[in-house]
Amino acid sequence: MKSTAASRCLDLFVVLSLLPPFISASRIITDTPDLQKSTSTGLRVKEHSQIVAQHNRLRSRVQPMAANMQKMEWDEKLALLAKERAALCHSDHPPQHSSSFSHIGWNTNLSVYGVTSFSDVIDSWFGEGKEFLYLNGKCRENTTCQHYTQLVWATSSHVGCASQLCLREGDLWEIFVCAYFPGGNWEVKGQLVMPYKTGLYCSLCTSSMSGCFRLWDHVGGLCEKVQFPLHSCDVMIDGDCFMVSSEADTYYRAKSHCQERGGILGHIHNQKVQDILAFYLSQLETSNEVTNTDFETRNFWIGLTYKPLKDSFRWDTGEIPRFSSFAFGQPDNQGFGNCVELQASSGFNWNDQRCKTQNRYICLHAAEHIAQWEDGR
Ligand SMILES: *[C@@H]1O[C@H](CO)[C@@H](O)[C@H](O)[C@H]1NC(C)=O
Ligand SMILES: *[C@@H]1O[C@H](CO)[C@@H](O)[C@H](O)[C@H]1NC(C)=O
C-alpha cells in the first residue's frame, strides 16, 4: 500500500492555486517581531479539547454509519509537528521525520486572516463528505474530499493541530493544520482504501478497544481504546486500582464495560476505601476536570445489587457485604431501586437506585488483574 501522495498534492495544489502570486514571497510571521506575541501561543488547552470533541462528534455521525470508528485523542507530539508544518505557512512538503510518526496524515487550510475559525475549518473538511461516494470509494468528479476521508479515517486515533498567522506580501493569512496518526488516505492500485466500515456503530471494534463511547446526544458511538497501563488508575488503594468512567451508562452496561476492561464494578469492603473514594469523587465535582458532559447524574455505580430471592444486597461476585455505607434512610427501595450508587447529594454514601438510570461508574482492577496488563492487551 502507498499513501495517496498524489491526492495530497492535489489538495495542496487547490490551496496554493488560490494564492499564486504570494507563494515565493511567503514569509513566516514569527520573523516579524511586533507580531510575535500573537503567534507564539498557537492554541490554548481549551481549544485542544474542543478540537478533539468536534472531531469525535463528527466521526460519530458519518453517513452511512460507521461500525469501527475509533474515538480520537489529542496528541501533543502531533500538535508540535502540526505547529512545525504550520510555521512553513504553506504546505508543499511535510517535514520529514524518522520517528514512529512516519505514517502521519495531514489536513491543512489556508484562509485570509480573521474570516474563519478552527471549528469552521473542521466543519468545512467534514462538509467535503457530500462529495464522497461511499459505494465507489471516490470523490465526485472534479471535487476534493480527502480532508473528509482523513477526518473520518476509522483507525486514525490521535490528532494534534496548530494554527499560525502568516504574512504574505503585507496580507495576513492564517494556516490551520491537523496531523493524524495513524494517517489515512491509503490507496491500493489507485483505489482508495475505505475510510471506515459500515454497520451498526461499535459493532466492529477491535479487541484492543474497551468499549463503546457514546456522546451526550447519543447519536452513534465510537470505539474507545483501553486506557492502560497503571498510571491511568484514578485511585490506588492497597494495590487495588479504581478507575472512574468518563461516560455514563445503565448499571448492567456499566458492569459489562468494566468486565471488557478486565475489571469489575467497584467493591467497597471497608471504611478506608469508602472515605478515599468519597473524597476523590467530591474533588472531581469541584475541579473542572470533568469536561465530558455525557452523564445525567453526579452519582456513580458500584458493583452492589439487591437480590430479591435472597432478600439482601450482594456484591457482583456473590459475596455478602460485611461493610455498608448506605446513606441515612437508605436503602428505601424508592422507584424499585435494585442497584447501588454512590450518591453525590449524600456525600457519596450509598443509595439504591433504578438500574436503568445512567450513572458514571467505578471499575475496580484488583492487584492480580493489574499484573496481567503488562503481558500485552
Ligand atoms: C478553508 O476553510 C474555510 C472554512 O472556514 C472554507 O470556507 C474554505 O473553503 C477552506 N479552504 C479550502 C482551500 O478548502
Ligand atoms: C471536470 O473537469 C473537466 C476539465 O475541467 C471538465 O471537462 C469536466 O466536464 C468536469 N466534469 C464535471 C462533472 O464537472
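Whatever order the structure lists ligands and atoms in, that order sets their numbers, starting from 1. Scope of the values below: all heavy atoms of this structure, side chains included, with no hydrogens, waters or symmetry mates.
- In this structure, Arg85 forms a cation-pi arrangement with Trp106, its terminal cationic atom sitting closer than 6.0 Å to the ring centre and no more than 45° off the ring axis.
- Partner of Trp350 under the side-chain hydrogen bond (donor to acceptor under 3.5 Å, both in side chains) criterion, chosen from Gln330, Gln274, Glu341: Gln274.
- Ligand 1 places these atoms under 4.0 Å from at least one heavy atom of Thr116: 4 (C), 5 (O).
- Checking only distances, Ser117 never comes within under 3.5 Å of ligand 1, N or O to N or O.
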For ligand 2, find each of its N or O atoms that sits under 3.5 Å from a protein N or O atom, and tabulate the pairs with distances to one decimal place.
residue: ligand 2; atom: 2 (O); partner: Asn142; partner atom: OD1; Å: 3.1
residue: ligand 2; atom: 2 (O); partner: Asn142; partner atom: ND2; Å: 2.2
residue: ligand 2; atom: 11 (N); partner: Glu141; partner atom: OE2; Å: 3.4
residue: ligand 2; atom: 11 (N); partner: Asn142; partner atom: ND2; Å: 2.9
residue: ligand 2; atom: 14 (O); partner: Asn142; partner atom: ND2; Å: 3.4

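- Applying the 4.0 Å criterion to heavy atoms of Val121 picks out, from ligand 1, the atoms 2 (O), 5 (O).
- A donor-acceptor distance shorter than 3.5 angstrom exists from the side chain of Asp352 to the backbone of Asp332, with no hydrogens or angles considered.
- Set against the non-hydrogen atoms of Ser111, the atoms of ligand 1 under 4.0 Å away are 1 (C), 2 (O).
- Proximity of a side-chain donor or acceptor of Arg59 to a complementary backbone N or O of Ala154 within less than 3.5 Å is detected.
- In the vicinity of Asp120, heavy-atom distances shorter than 4.0 Å reach the ligand 1 atoms 4 (C), 5 (O).
- Between His257 and Asp249, the side chains place a donor N or O and an acceptor N or O closer than 3.5 Å (distance only, hydrogens not considered).
- Under the 6.0 Å cut-off for aromatic ring centres, Tyr134 and Tyr196 qualify, their centroids lying closer than that.
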